[in-house]
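Whatever order the structure lists ligands and atoms in, that order sets their numbers, starting from 1. For this chain, numbers begin at 1 and follow the sequence in order.
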Amino acid sequence: MPPIEKGWRRRFTKYNRQFIEENNQHAAQRRRNDDTQDDALPRSMYHAHTSIDVTHRDHHSVKTSYFRAPQAMPVPHVTLPVMPSEGISEAFNFDVMDEAYVDYLVDTNTDMEPVKSKRKRTAGDDPQKLWIPKQDKFLREFIRLEGCGDPMSYQACQGLPGCLNEPVVRCRDCEGSQLYCQACIVVQHTTMPLHHMEIWSGSYFQRILLRDLGHRVQLGHPPSVQCCNPALVFDDDFVVLEINGIHRLSLNFCNCATAQTHNIQLLHACWYPSTTTNPQTAAAFRLLDHFQMYTFESKGSAFKYYQSLARLTDNTGTCQPKDRYESFLRMSPGCGHDSNGVLGTKEGELAVLCPACPHPGKNLPPDWGNTAPHIKWLYGLFLAIDANFRLCRRNKSSKQADPSFNKGWAYFMEQSRFKEVLEASGTQVQEKSSCASHNAVNLADTKNARRMAATGVGAIVCARHNLTRPSAVGDLQKGEKYVNMDYVFFSTLQHASTVRVLNISYDIACQWSKHLWSQMSRYPSTIHLWPDDNVVTFVVLKFHLPAHILSCQTKYSLNLIKGMARTDGEAVERGWSNINPIATSTQGMGPGSRRDILDDHFGDWNWCKVCNLGPFLLRKLKEAIPERNQHILDLRDFEEAIPPTSLDQWR
Ligand SMILES: [Zn+2]
Ligand SMILES: [Zn+2]
Ligand SMILES: [Zn+2]
Ligand SMILES: [Zn+2]
Ligand SMILES: [Zn+2]
């Protein structure tokens with residue numbers, strides 16, 4: 001957190017007050033004019049501006065201020081989806097919140113209405129204070145659970161009707177802490193073999209395996225049905241990884257005449273086998289889903305996750321479960337399916353597409369191709385290109401030792417054709433920048449690639465919604481070389497071959513675009529794009545443009561080219577913050593694992609974007625419509641102040 005400049009808060013408050021006062025005066029004047037001059041013009045209304053101040057390390061505050069602004073012009077009635085939203089209440093205690101949670105609230109809040117008044121805080125707003133006087137009671141209950149509990153619970157077995165056995169065993173994973181006899185708890189767990197058991201030793205509970213109580217898992221038959229020809233696992237020891245820990249089981253495969261293979265029997269039980277021949281380890285599907293969500297949200301490594309499973313099983317280190325980390329790694333990647341079989345999957349087909357970008361035949365009007373030239377921008381596709389050197393890979397392992405499970409089916413491009421193009425391009429030296437001295441251009445050949453198999457990746461996202469494009473990620477071997485970025489560009493455009501207006505933002509667009517079309521002939525004809533059919537506009541990201549020479553600042557400006565809306569082109573830079581935390585673990589991986597895991601994370605990024613697109617666009621619309629109306633009024637005032645003759649010339 002940077003140090004806050006002295007007097008910053010006082011100055012900010014002063015400017016804030018001044019802005020509101022001026023706005024109110026201006027709006028009052030306009031309202032008087034509106035009332036007397038033109039009934040059709042919009043009235044003014046109150047707008048609320050809510051700011052969340054996170055500049056203090058240990059205290060965050062929310063402040064809502066109100067100012068007058070013209071009411072929205074009448075717009076055609078559109079029914080927008082109503083999204084459930086709690087809004088951000090000022091009663092929240094931001095002091096104890098994770099900053100990520102505050103970001104989440106801001107991102108998902110579509111409620112632009114002001115919070116009318118501060119709610120009076122009640123005792124219930126501080127549950128921790130209420131709990132402190134009761135902490136001894138809570139502690140006594142925890143200690144009671146370490147013993148046998150109520151006398152009622154250990155006097156008679158509550159299992160099968162009429163059971164008179166002594167109750168001494170309980171399940172840590174079933175609800176409650178009821179004790180049962182050994183026979184009853186085994187029957188109860190016929191369909192729940194992945195629960196942890198504890199047996200009363202006389203003075204404390206000790207862990208015991210369900211199989212040591214006499215439990216056996218029978219696959220290939222309905223629960224409770226015995227197989228007449230079972231096949232035992234080698235050493236009668238089968239390991240299943242589940243989200244509550246690592247379990248050792250006694251397991252029978254079915255070996256009847258109609259039996260399926262062992263792998264299929266495991267999959268029918270929702271257990272993913274670690275190998276295809278004589279599996280002795282499996283992971284519950286639930287665990288694989290859980291791991292995927294854990295790693296998407298936390299970017300934590302597979303090893304940390306496995307360690308937490310091992311500690312859930314034995315947190316003392318005295319009775320550690322068998323090491324199945326390598327098996328777990330093999331089982332963790334997922335894979336899509338295709339009606340033509342897995343190998344029938346086409347390149348980029350598993351990518352989650354952006355529903356807000358133009359997809360002819362899916363989300364454009366049937367006659368979109370006949371649109372008048374002046375509004376063709378409506379169906380333009382905005383792409384943003386960038387390189388990321390954090391996502392590098394050290395030179396270890398090989399594609400033979402660690403092959404990828406997918407062949408360019410999602411975000412990474414297909415590798416073999418890309419490698420051929422790279423080999424054909426040889427050591428061609430890149431032309432130096434004729435604009436400012438851009439490092440990305442001038443140092444493309446000199447970047448240190450020692451001990452690196454990939455120095456980073458080049459990638460393309462849709463610039464207005466920030467979703468990674470299909471077949472749009474490729475490894476870099478040195479710096480940001482044109483051949484790499486060209487290939488990524490042409491590769492992803494195969495998935496947009498029918499779009500006719502392309503707006504491409506890139507921080508070195510002025511240099512890269514110079515020879516792009518002439519270079520295209522060096523690449524396979526299957527990825528050629530015909531610029532004559534398309535209106536292709538190259539622009540430079542807004543934040544990066546001031547570093548260019550003056551002529552670039554007009555030619556490549558998103559502010560000066562028609563049809564660019566308020567795009568800033570910086571989306572691709574923002575997306576890196578999501579994927580960078582995983583770079584530390586992917587840098588040391590083999591080529592296949594790294595690509596598959598990065599693909600998985602790009603996919604999750606897109607999926608979360610799609611899920612949040614409704615509230616995101618609704619929030620943008622609520623901001624944009626009043627601002628657009630304000631701009632109409634401002635333009636009207638501006639034009640009224642210019643002599644009509646000059647205005648006609650200017651237009
Ligand atoms: Zn249980
Ligand atoms: Zn019993
Ligand atoms: Zn059988
Ligand atoms: Zn998009
Ligand atoms: Zn330039």
Side-chain angles (χ1 to χ4, degrees), residues 152-200 205 207-211 213-215 217 223 240 242-245 247 249 284 312 348 351-360 362-364 378-385 411 459-470 472 492-493 495-496 499 501-505 564-572 574-575 602 605-614 616-617 620:
M152 280 296 289
S153 71
Y154 57 81
Q155 276 170 359
C157 173
Q158 304 290 316
L160 299 174
C163 176
L164 297 172
N165 294 336
E166 187 190 2
V168 286
V169 193
R170 71 179 184 185
C171 174
R172 282 164 51 90
D173 297 305
C174 283
E175 292 302 318
S177 56
Q178 186 65 47
L179 284 168
Y180 299 96
C181 76
Q182 200 167 318
C184 287
I185 209 158
V186 167
V187 172
Q188 279 176 345
H189 284 80
T190 308
T191 54
M192 297 180 285
L194 305 180
H195 282 194
H196 292 294
M197 299 296 135
E198 288 180 331
I199 191 162
W200 184 246
F205 280 104
R207 291 268 181 122
I208 185 165
L209 297 178
L210 195 49
R211 73 173 192 182
L213 297 172
H215 187 277
V217 175
V240 180
E242 171 59 305
I243 51 177
N244 61 354
H247 300 263
L249 309 176
L312 277 170
V352 177
L353 298 179
C354 175
C357 276
H359 299 283
K362 287 183 184 167
N363 61 358
L364 298 192
L378 270 174
Y379 307 118
L381 174 65
F382 288 75
L383 299 180
I385 308 176
Y411 307 94
I460 299 184
V461 303
C462 65
R464 288 186 62 80
H465 319 105
N466 200 1
L467 275 82
T468 309
R469 296 268 316 162
T492 192
L493 279 180
H495 303 283
V499 172
V501 177
L502 291 169
N503 303 311
I504 318 296
S505 71
M564 295 295 151
R566 304 307 301 149
T567 315
D568 65 8
E570 302 282 350
V572 66
R574 290 190 280 269
F602 285 126
W605 169 259
N606 279 14
W607 175 249
C608 292
K609 280 270 170 192
V610 171
C611 294
N612 195 35
L613 204 57
F616 170 78
L617 292 178
K620 296 266 175 196

Return a table of donor-acceptor pairs under 3.5 angstrom between the side chains of residues 167-174 and protein atoms on other chains or two or more places apart.
unit_1, atom_1, unit_2, atom_2, d
Arg170, NE, Glu198, OE1, 2.9
Arg170, NH1, Leu145, O, 2.8
Arg170, NH2, Leu145, O, 2.9
Arg170, NH2, Glu198, OE1, 3.1
Arg172, NH1, Glu198, OE2, 3.3
Asp173, OD2, His196, N, 2.6
Asp173, OD2, Asn244, ND2, 3.1

Quick check: closest heavy atoms across Cys462 and Leu383, and the distance to 0.1 Å?
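That would be CA-CD2, 4.3 Å.
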Minimum heavy-atom separation for Gln188 to Met192, with atom names?
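Residues Gln188 and Met192, closest heavy atoms: O-CE, 3.2 Å.
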Looking at [Y], is its backbone amide N or carbonyl O close enough to the side chain of [X] to form a donor-acceptor pair, meaning the two atoms are under 3.5 Å apart?
X: Thr468; Y: Val461; result: no
X: Asn165; Y: Gln182; result: no
X: His359; Y: Cys354; result: yes

Using the side chain to side chain contact (heavy atoms under 4.5 Å, CB included) rule, take Leu493 and Val499 through it: C-alpha gap first, then chi angles, then the decisive distance, then the call.
CA-CA 9 Å; Leu493 279 180; Val499 172; over 6 Å; no
Trp605 pairs by side-chain contact (heavy atoms from CB on, under 4.5 Å) with which of Asn466, Val610, Leu467?
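With Trp605 as partner, side-chain contact (heavy atoms from CB on, under 4.5 Å) holds for just one option, Asn466.
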What protein N/O/S atoms lie closer than 2.8 Å to the Zn ion (ligand 2)?
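Sorted hits: Cys157 SG, Cys163 SG, Cys181 SG, Cys184 SG.
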Metal check, the Zn ion (ligand 1) vs Cys174 N/O/S, cut-off below 2.8 Å
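Checking the Zn ion (ligand 1) against Cys174, an N, O or S atom does fall under 2.8 Å.
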Quick check: of its N, O or S atoms, which one does His195 have closest to the Zn ion (ligand 1)?
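For His195, the N/O/S atom sitting closest to the Zn ion (ligand 1) is ND1.
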Of all the N, O or S atoms in His189, which one sits nearest to the Zn ion (ligand 1)?
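Atom name returned: NE2.
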Charged N-O contact under 4.0 Å between Arg574 and Asp568
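Salt bridge present between Arg574 and Asp568.
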Take Arg207 and Met197 through the side chain to side chain contact (heavy atoms under 4.5 Å, CB included) test and state the conclusion after the steps.
CA-CA 6 Å; Arg207 291 268 181 122; Met197 299 296 135; over 6 Å; no
Residues in side-chain contact (heavy atoms from CB on, under 4.5 Å) contact with Leu209, at least two apart in sequence or another chain:
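Applying side-chain contact (heavy atoms from CB on, under 4.5 Å) to Leu209 gives Arg211, Asp212, Arg248.
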Which N, O or S atoms belonging to the protein are less than 2.8 Å from the Zn ion (ligand 4)?
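Only Cys354 SG, Cys357 SG, Cys462 SG, His465 ND1 fall inside 2.8 Å of the Zn ion (ligand 4).
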